[in-house]
Amino acid sequence: MASMSSLQYTEERPFKVIVAKLGLDGHDRGAKVIARALKDAGFEVVYTGIRQTPEQVARAAIEEDADVIGVSILSGAHIHHVRLLMEKLSEMGGSDIPVVVGGTIPIVDVDELKRLGVRDVFLPGESLGRIVDVVRKLAEEKRRAELSGG
Amino acid sequence: MGTIFNEDEVKKIGEKAEQWKVVTLKQWVERLPERQESFTTLSDISIKEVYTPADIPNFSYEEKLGMPGEYPFTRGIHATMYRARLWTMRMFSGYGGPEETNKRLKFLIEHGETGLSLAFDYPTLVGVDPDDPMAEGEVGIVGVSVPSVVDMDVVFNGIDMSKVTTNMTINPPAPALLAFYVAVAEKQGVPYTQIGGTTQNDPLKEFMAQKSYVFPPEPAVKVAMDLIEWSVKNLPKWNPISISGYHIREAGATAVQELAFTLADGIEYVRQLKNRGLDVDSFAPRLSFFFDAHINFFEEIAKFRAARRMWAKIMRDWFGAKNPRSWWLRFHTQTAGVSLTAQQPWNNIVRTAIEALAAVLGGTQSLHTNSFDEPFRVPSEFAAKIALRTQQIIAYETGVADTIDPLAGSYYVEWLTDEVEERAWKYIDKIEGMGGMLEAVKKGFPQREIADAAYKFQKDVDEGRRFIVGVNVFAENEVEDIRKVPLLEFDQQETERRQKQRIAQVRSMRDQQRWARSLDELRRAAEKGENIMPYVLNAAKAYATLGEIMNTLKEVYGVYVEPPIY
Amino acid sequence: MRSLAEAELSLSEKVDFKQLLESAAKGNLRSIGRLLTLMENPYRLPPEVFDGIARMAGKAHIIGVTGIPGAGKSTLISKLITEFRRRGNRVAVVAIDPSSPLSGGALLGDRLRMQEKAEDPGVFIRSVSTRGLRGGLSLAALSMVEVLDALGYDKVIIETVGVGQAETDIMNAVHTVVVVTMPGVGDDIQALKAGVMEIGNIYVLNKSDLPGAQEAFEYISFALSKGELGQRTGDWSPRLIRASAVMGSGVEDVANVIDEHISYLRSNGLAYEKVAARRLTLVRLMAERMIADSVERALQVKINDLKERVARAEGILEISAELADAACKLMSSTKPK
């Protein structure tokens, strides 16, 4: 007898990524190029646009059940905004969603961001290939953690 | 008009070149192949191995070049250019609060800077006060916080505004910042006729590139035109607009696109002002431009020369301007921020020097050179000084400023100038066909072109078709190097606290009635479609804050949300 | 190591649905997000869970929004959200964007226009890509509608592109179909006579500040009155409204007419009909899915043999019947989990 639960052929659910620009910074060249590269690599990308608050980005990630959040900030306000984002995510139960950050970031701040829980930081000059790889690995890791009862 | 070449000679040379290619060159290439399959500029223009007169066979000196200071100004807008006066060394600066910026301005003036250029922080750029929730964490980082006339006063404390010209990189809030500047200059006793400087005030490129937009396109353009109209009538030495290609280029456009979109913006603004009944010669001499100086050396020089030639034609032939000053394309240049790398950051000093050289050989009127630590933060004093010295070395040691347009006559440079010009005209025709740049922006055309060019460039770099030293060639273990870069230190939280305090003081100490009335009058003027500048000036003097002025205008004009274009 | 896809098939064994549903019902956004993901492929749910959800659903007003690309659907929806919130409604949006057939990826860009609503606790926005799975999109979208309905959202808005079988399935299952167009699309009527745009209950002429608005209004009104466009609901005739979402004008009118439509449906028992219709569509889609799966499995078993025969054109039609038979046998022999 037929059964929905015995279905065998299914597509892999694509990984879903939020690409967001936090704060007032309007330089979106990098964010858009990465969004496009991720889409070409088979990801579903939700680009939130510029001028997002940490709450807006956290809400997007949670509502979309995203696998990774990518934040782009070139205004120098990265520590401030990312700290708030990590707090919001935690409040909303989304701490398991990995966050990566890209932008004009001094190396001392890279260490600070990682302490806040950011999984990777991309400086100007990073290759698209590496960014896509990192995002993919983080997404896979997160999904497997879910499946093992996370 | 006559060609400078003898037709027969050119024909012979052309044949010789062809022969050379299939015989001599072929032999050489068989033994030692060329480094690449093809060589292209950053606009994808194919470059041949060598250029001869046969590449520019019908070259007319008078038509294409002319003498410096004469139509079509390809060689320079002034007859003397740098022999009389060097380009202005105008370093874009600002950070923290007005106090810090005041100090930095004095430092640069002491070290030989000849023009001021103010960078504002993000809250100021988008017109919100330091105590607005969106401003949190952003006050004083990428520039100085100037939310009121009181702050502007502190910035210029001890600086004689009659002796300096000041560029203000500000767009939607330009009317307010100009009002603050004028009010402070007035207080210093400087007459309107002597107030000199520039407001960037170029809304179209905000939608394409910089994205510090506030109002939707139509009202944004209206406000900018208000400023220009008021300025040409009241501030004879003020450049009310800096029609910018820099941001467009930095957002990913090619040199050709940068040139075309900038001139198309200019065409739109001239049309808008003419539609208000203004005579073109009454404002055109005060229009100024702002370009990028990127790393592909000769293409940039070609771009600058083509720009002058094209604008002269547009102003004289399309718009019928009669005053030769209306035909001049005066421009400021900034070396390409986007070409700088975080990896091996000291290399950026070299990149900036080469880009600055291109700007000088291209005849720029003023120049900002980037500091090597740009990929990390707003520049330290150490880095900013090197950038300034770079310009001074070019000016005083190299001799390139001792003659005008030295590259003229180079077969390659003239061919490239023509090529860049031709491709740019194609874009301009297309945009005009859409109804002009305002329409094109509303349709998303330039945004898509820029997004495509940005994506293509990144793929070219990733896939090894374009080289960036330290990034995809000659890369090293970067972490150590980056840690050695000494960065600017300033206490952002302290600045934010101080700015919040000051704005609260401003609000509590002003004449409340006068303040309320000024905003009311501003709103009504905006609703009626009047020129808002006098009302903004009035509100500034009544100690209305930047955020209050902008909120009043937002109520009337609305707020822009961009369409998703990748 | 199993691929993620294979691993995810057994997810339903791991999820505590009772707890997830309870949490979602209390308004926990993370739980709602997770639940919607599970609903994208409803075969993951134990049958009693699916029924439980469906029993709680049935009260929401489901609104389908479609139209010409560039007409400003997302902006209009963003303004409608504000308006419905003002009226005390909780609003959920499912925004559908096309996937790239080449990479399988997608740029889900509708959300950008609605992000300013993202901080409102009474609003929930979810983006879905079309993907490639047979029937997958409509199944996912309609399942998500059931959940959002069950969770108490008063208005559930589905935004789609306008043409395609999936869109037709979806639009036939909503209460109110809103079609958004704009002036200057060439032949205004022809553009709308494609796919689900033909069956609108409400037509919105957005960007009505643009030139050509008056003509467009007249053409479309005429077409509606002649019944060449639009779909009647009993006594309720399709309506045309002018708006300029960016300027904020006409949005209240659009919301009013949308509310009028559902009032009409509810007072005539037609709202209930629509709920039944949507579940019938779900049922059909799931049945099709099960059959398709069996066909796929049967094909895999016999693929080498079949490939040879069809390459030699040895009875293509008979082979199809053989395959169908094999699929049926497979289906009847499968033990339910």
Side-chain angles (χ1 to χ4, degrees), chain A residues 19 21-41 45-56 73-85 102-111 121-133, chain B residues 95 121-123 125-126 128 133-142 206 209-213 247 250-252 338 340-343 373-378 450-452 454-459 461-463 468 470-472 475 478-479 482-485 487 492-493 561-566:
Chain A
V19 174
K21 289 199 60 63
L22 280 174
L24 298 176
D25 163 38
H27 298 97
D28 57 5
R29 172 179 180 167
K32 285 185 168 181
V33 163
I34 288 167
R36 206 157 142 175
L38 286 169
K39 171 193 153 228
D40 284 348
V45 183
V46 176
Y47 175 59
T48 62
I50 63 174
R51 298 197 201 162
Q52 299 296 293
T53 63
E55 170 147 15
Q56 283 172 322
I73 310 186
L74 283 86
S75 65
H78 39 273
I79 302 280
H80 174 89
H81 291 308
V82 171
R83 177 180 293 129
L84 282 175
L85 173 65
T104 43
I105 297 167
I107 204 93
V108 290
D109 289 357
V110 170
D111 300 334
V121 178
F122 306 118
L123 297 182
E126 195 63 74
S127 79
L128 287 178
R130 187 178 107 80
I131 296 175
V132 169
D133 274 345
Chain B
Y95 71 96
D121 68 0
Y122 261 110
L125 289 174
V126 302
V128 302
M134 280 305 277
E136 220 185 283
E138 308 248 18
V139 176
I141 301 188
V142 305
E206 295 300 315
Q210 185 157 243
K211 315 229 171 162
S212 60
Y213 50 66
H247 318 81
E250 295 286 297
V338 85
L340 305 182
T341 61
Q343 296 74 10
D373 53 358
E374 295 278 2
F376 302 105
R377 201 177 266 184
V378 161
I450 293 168
D452 285 346
Y455 192 60
K456 177 175 184 298
F457 180 79
Q458 192 55 45
K459 299 236 74 158
V461 169
D462 274 10
E463 290 162 23
I468 303 181
V471 172
N472 66 354
E478 308 312 336
V479 180
I482 297 173
R483 279 191 196 279
K484 288 195 209 118
V485 175
L487 295 177
Q492 191 273 332
Q493 286 179 342
V561 177
E562 64 169 343
I565 294 177
Y566 305 85

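Bear in mind that the values here come from a model prediction, so they are computed numbers and not experimental data.
- Using a 4.5 Å cut-off between heavy atoms, Glu374(B) contacts chain A through its backbone alone, with no side-chain atom that close.
- Side-chain atoms of Glu250(B) and Arg29(A), non-hydrogen and from C-beta on, never get closer than 4.5 Å to each other.
- Closest non-hydrogen pair, Pro375(B) versus Pro124(A), comes out as O-CG, 4.1 Å.
- At a 4.5 Å heavy-atom cutoff, the contact between Asp25(A) and chain B is made by backbone and side-chain atoms alike.
- With a 4.5 Å cut-off on non-hydrogen atoms, Tyr213(B) touches chain A through its backbone and its side chain both.
- Distance check, rounded to the nearest 0.5 Å: CD of Gln458(B) to CD of Glu126(A) gives 9.5 Å.
- Side-chain contact check for Arg377(B) versus Asp109(A): some heavy-atom pair is nearer than 4.5 Å.
- The greatest number of non-hydrogen atom pairs below 4.5 Å with chain B, out of Gly49(A), Gly30(A), Gly26(A), Gly76(A), is found for Gly26(A).
- The candidate with the highest count of non-hydrogen atom pairs below 4.5 Å against chain B, out of Gly103(A), Ala77(A), Ala35(A), Gly23(A), is Ala77(A).
- For Glu562(B), the salt bridge (charged side-chain N to carboxylate O under 4.0 Å, His left out) partners are Lys211(B), not counting sequence neighbours.
- Annotation: side chain of His80(A) is not in contact with side chain of Glu138(B) (no heavy-atom distance under 4.5 Å).
- With a 4.5 Å cut-off on non-hydrogen atoms, Arg130(A) does not touch chain B at all.
- When each of Glu136(B), Lys459(B), Gln493(B), Gln210(B) is scored by its heavy-atom pairs under 4.5 Å with chain A, the top score falls to Glu136(B).
- Note that NE2 of His78(A) is 8.0 Å distant from CD1 of Ile141(B), once rounded to the nearest 0.5 Å.
- Of the two parts of Val461(B), neither the backbone nor the side chain holds a non-hydrogen atom closer than 4.5 Å to a non-hydrogen atom of chain A.
- Neither the backbone nor the side chain of Ala31(A) comes within less than 4.5 Å of any heavy atom in chain B.
- Interface remark: Ser75(A) contributes backbone and side-chain atoms alike to the contact with chain B (heavy atom separation under 4.5 Å).
- Across every non-hydrogen atom of Tyr455(B) and Val33(A), the tightest pair is CE1-O, 3.5 Å.
- For chain A, no part of Pro133(B) is nearby; none of its heavy atoms comes within less than 4.5 Å.
- Atoms CZ and OG, from Arg51(A) and Ser212(B) in turn, are 7.0 Å apart once rounded to the nearest 0.5 Å.
- Partners of Asp452(B) under the side-chain hydrogen bond (donor to acceptor under 3.5 Å, both in side chains) rule, at least two apart in sequence or in another chain, are Arg36(A).
- In this structure, chain A has no heavy atom under 4.5 Å from any part of Val561(B).
- To the nearest 0.5 Å, atom CG of residue Asp28(A) and atom CD1 of residue Ile450(B) are 10.0 Å apart.
- Looking at every heavy atom in both residues, Asp462(B) comes nearest to Gly129(A) through OD2-N, 3.3 Å.
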